[in-house]
Engineer: 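Please read through the structure below; I'll follow up with questions.
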Amino acid sequence: MAKTPLQFRHNGREVAIFVDGGMSLLSALRDEIGDHSPKFGCGQGGCGACTVLIDGEPVLSCITLAETVAGKSIETADGLKTGPELHPLQAAFMDNFAAQCGYCTPGMLMAAKALFDHNPDPSRVEVIEAISGNICRCTGYESIINAVLAAARRTERRA
Amino acid sequence: MPVTVKTFATPTEAAAALSSDRSACYIGGGTLVMRALNEGDVSIATIVRLEDRSLTQIRASGARITIGAGVTLSQILRERELSFLHAPARLIGGPAVRTNATVGGNLFAPAPYGDLAVALLALDATVSVMSGYGARDMALEEFLASRDRSPGALVLSVTCDRPPAPEAFRFRKVARVKPKGVSVLSIAVSLSAVGGRVSGPRIAYGAMAPTAIRAKAAERALEGKTLDESGIAAAVAAAAEGTSPANDAIASAWYRREVVGVHLRRLLLGQDG
Amino acid sequence: MLELRKDIFADERDDNLKEIGKPTQRQDMLGHVTATSVYFNDHKLQGMLHLKVLRSPHSHARIRRIDLSEAERSPGVRRIIRGADVPHNLNTLLSLINFGKDDEPTLAVDKVRYKGEPIVAVVADSQREAFEALAKIRVDYEPLPTVFDVEEALKPGAPVINETYPKNTFTYHDIYDHQKIRFGDVERGFAAADHILEQRYQMSPIEHAPTETNGSIAAPDTNGRYVVYTSTQALFFSLDTCAKILDVPSNKLHFIGGTVGGGFGGKVDTVTEPLSILGAMLTGRPVRYMIGREEEMLYCAPRGAERIFIKDGIARDGRILARQFRCLFDSGAYTRLSSYAAVKCAAHLPGPYTIPNVYAEVYCIFTNRVPATAMRGFGVTAVDFAIECQMDKLADLVGMDPMEFRLVNAYRDGDMKAHRREAKNTALIECVQVAAEKAKWRIRDDFKRMSSLKEAGGQRPTAPPPVREPILVNRSAGQQRTVYDRPAPPPPEPIRPPPPAPPPLAQPAPAPSHGAIRFSSVFGGRRR
Amino acid sequence: MAKLRGRGMSSMNYPIGMNLGGDPSQALVHSNPSGKFTVSLSSIDLGQGMKSVTRQICAETLGVPVEDVYVDTADSDTGPHCMGSFASRGTHRVGNAVMAAAREARGVMMEAAAEELEVNVADLETDGRGNIHVKGAPHRSISTKDVAIAAQFRQGRTISGRGIFLVPLSDVDPETGEMSPATCYAHACLVAEVEVDDETGEVAMVRMDSAYELGRALNPRLVEQQLVGGAWMGISHALYETPEPYYPDPSHGPRDFDEYLMPGPGDICPHDITVLERPAPDGPFGAKGPGEMCANPVMPAIANAIFNAVGVRMDELPITPEKVLRAIKAQGGARPQARR
């Protein structure tokens, strides 16, 4: 198959790979770069498990054509920690028992981070809107919503 | 045969590529095309991309606003000039979908999708389309009617008038799942009132036909009326006239016809729920 | 908010424990929030191939001919697998516990019995190439008449769906087409009843919809075995099923899993493992078979639908005297686990109530739809829906409060159940009492004093006379059966004041009493 | 236009483990030379918390801190047989197997400690903090680490244990259905409040109050996860979900998460839960299993609440706005029942 060279920033690091025609960003990240933190949940843009940030905006990597991210900056759940230190969202997800099977968690975290980076003190309604594209089949969402709200309070305390 | 991605600088080249290759498919945000590829649609062998700044531009001159086909829904939500489109845009997908989903792509979304097209239809929008024969403007209604019969048509932009006042344009999406769900139906209404009486109302529906449609019977019934229970009664009674909704996984045709009048009434009277 | 009522049944527990009862963090939580938990699909193997299956477009058809010639020449194709390539191409999941006959092929051979049934598998270098090859396979079908309704399937002359069970019903005890429950004499119970209520209920099929779809990766191991990374819910169940289908000793297979993206019963059926392992055997390469979301939604086993008929005979004072069931399980085209669910359903009847006369017939019926399988509570979920809707109607019929009506009939320690075992360790009464208190739903004091304990049980409170003429017409929109009646109850004497409306929701939940322990709760941080 | 509220309830029980039994599970527990323990299983964690619950059961039984135990699952080469994660059997069946294995391992550990302290095994107890001491004489103590080192390098003992739990398979009488389906049952009662729009048939959840009896809440946060998430699934089953919207007509099956309807984060409601604990005689520390039953009481409670609100009986799932609207129209309008 014809391969196309592709360069972008992945969690702050410059990467260069070759992609097949029509390859999704999700496949590029998982199969070419080896970042398994974005998950395949549907390939339809319907579940949010593959959510990553492109230049700070949340996208569904399964329906994003890999070639379109040339020169852009991609953040995935794998890059959330700073060194060994958990991101406030990760810590809050733990405290609130906001994961069961854990498969939606990376996408939830990135959807929440997209909100967080623009709006460090969201309302419950804003949190619900932010995760509205992400399916969780285990928790019933309440613990996730509260984790994001708690993370906001946690960051306020730090500031 | 592997998928080939062809990226062009000008609409003319892109349109030519589309009309010359039956297996070619234009990709906007990817919400439709990438999904098809992921699900194994082998009829698509060529993906056509267009990198033209004008596609992602929003140009306002007076009341007229032209929105590039490549403008995304999240771009609309950031744009104060387009505040009248924020309601429909916010009700589509989740934030991540809106980062990819484009105005142009929404015009091709099959029912029950395509809520933005519903809003644009009620705003008497026109569409600038590039085909093998070159670019031309056409009414959105005409475009939607011929959409599935004209493959290879490339939408460049959509143009409409900004509503004179916020209350002059209203949008309501009825979905089972909150806050993000597919339309049971959606309704957009733009109306100007002269001396307290409605004049030249535009009512558009989503999911009440294979594409977004105008509710002409209801529009006629509303002409010259006042916006109160009795004034709108005739329009509400005629709400389902001329519609041909489908049975699908979201709702049945029967249900859509039953409740379209209820939701039209609530929208016209400014009631929530 | 979750609270523990330690005061109830306290004397039956030793609460002097160090680790049990503590809100300890999950062992897997750190992995989840750092996205480092490893699911089957997170294993990256060198030179991995991709497997996709051709699915039937028909719900019921004979396969006349399969033409693979064009597909075999398709670029990137490493191997095409047909039913004939599967060593033991007929299985039933519960054969592992000697229950039922083999009735389902891994790849359909002569006939397809549901839309989406796998017929041919393609192993190729990439998913795209597998999809392209599938599109080049030509199958010549002869469509056959279909049956989608369980009652239609039972009628004489209905098309035979699954030749292993020519009557379209699973065979119980080698002789019966259903599972029986016979306890007491329902006819005598009906004769003694003041009211008879016969109703029909329909449970929908349900898709499990785990966020991770079914899938597996199989690879030749260094020691001549095959390592299999899988999303199964039952590791050895899947391993032994594969050993049988592939006709290999079980120690040739090394299954690795354990961290699964949700299952809810939808990952027991072992639909991907046999093919990914066979693909690895036939190509000598790692093979991944992951079900797509649309495939999972449309063609993978759901919770089965159930149609349930209940006929109750009830006395004016609220005692249920007889209860009769007819339960029709829609198993789809193959047995999978529905045969088991039907027996579990029979065991559950008549619900957690003490009824002297119970009669039940529970059928596992074949139709031309996707085979049904296990899902969270199957065998019980649907019949509990039916029973509890019925209980609400019965309470209405005799003019009783629904909570008090449950308490009148609730089973208690020492009661005899319909499957002829004594009830032990029961707690239904206490649950009703606590829920009523929590919801500020007023019940009479004598009901509050009841207990599940044999000795402390006391008399079953008799119901007060109806507060109004019972509504004997049925309001259901559904196609309901009859409600016919004995002579009307005596005119109401002392009228019990109806319970007050519940307080406004704004009011906070009642403070925990009786030294109840509350845990920081998922509902703790609710902000509006 | 009216939005009418109503309350409904349901109560039920749920059998623990595979019906009729015959579903064994095994566990292996062993110590490393520093007195830290590994539980080896082939059981699956689907998110229900198998790894965490068995970890706590093992630690409690051994008498060591939970940090000293990790659970390894699921590898068919290292984990012994387990029937699988279904039928609410994980906590009860696997928990019992782990308990048996941990008891055997504890026995060896105490013997080794007795030899080191030169006392009678019967006189020893664990403090749950990693030490073993003579009853009534805490100063005569040895750490589990030193015991493990002694056992491994001096005494030549393996501090390990094997466990299996099996409820023998019950027969079923073909004529009467007499059988022994389960050894214990969990219980529940739930009250649901809904709001029904009598012009559109839409049903919105207002709140839920529930009581669940689960034998023993081994970990209240994990129990809460199951009960809250399970109740969400119950709402979903009651009002939204179906792969066949026109059953038994199989057409229009949903293909994705847009068409397959489930309550979104904007559709959920407050849910107050009380947990009761009546220990099961044969449960690990009395535990039963909350995993499956948690969704069940919600469905009928909602159907009954809808009747209370508008006076229509909803006997077919899912209870879509269309079904509610058709029923209301068939009865000539909403008929609110006595407010509860």
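The chains referred to below are lettered A, B, ... by the order of the sequence lines, with proteins before strands, and numbering in each begins at 1.
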Engineer: Give me the atom names and distance for the closest heavy-atom approach of E142(A) to I268(D).
Structural biologist: OE1-CD1, 3.2 Å
Engineer: Which pair of heavy atoms, one from R137(A) and one from S236(D), lies closest together, and at what distance?
Structural biologist: NH1-OG, 4.1 Å
Engineer: Please report the closest heavy-atom contact between P265(D) and S132(A), naming both atoms and the distance.
Structural biologist: CG-CA, 4.2 Å
Engineer: For F257(D) and Q44(A), work out which heavy atoms get closest and say how close.
Structural biologist: N-OE1, 4.3 Å
Engineer: What distance separates Q225(D) CD from S143(A) OG, expressed to the nearest 0.5 Å?
Structural biologist: 6.5 Å
Engineer: Considering all heavy atoms of both residues, which atom of M262(D) and which atom of I135(A) are nearest to each other, and what is their separation?
Structural biologist: CE-CG2, 3.8 Å
Engineer: Rounded to the nearest 0.5 Å, what's the gap from CH2 on W232(D) to SG on C136(A)? Could you check?
Structural biologist: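 The distance works out to 7.0 Å.
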Engineer: When you compare the side chain of L222(D) with that of F97(A), does any pair of heavy atoms fall below 4.5 Å?
Structural biologist: yes
Engineer: Among residues 287-297 of chain D, which ones touch chain A with a heavy-atom distance under 4.5 Å?
Structural biologist: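 Residues qualifying by a heavy atom under 4.5 Å from chain A are absent, so none.
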Engineer: More than 12 heavy atoms of other residues, nucleotides or ligands under 6.0 Å from CZ of F18(A): is that the case?
Structural biologist: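 For F18(A), atom CZ is not crowded (no more than 12 foreign heavy atoms under 6.0 Å).
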Engineer: So, taking the atom named OG1 in T139(A) and the one named CE in M233(D), what distance separates them when rounded to the nearest 0.5 Å?
Structural biologist: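 T139(A) atom OG1 to M233(D) atom CE measures 10.5 Å (nearest 0.5 Å).
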Engineer: Tell me which of these, I144(A), I128(A), I145(A), V127(A), has more heavy-atom pairs under 4.5 Å with chain D than the rest.
Structural biologist: I128(A)
Engineer: Looking only at heavy atoms and a cut-off of under 4.5 Å, which of G46(A), C101(A), G45(A) has the most pairs with chain D?
Structural biologist: C101(A)
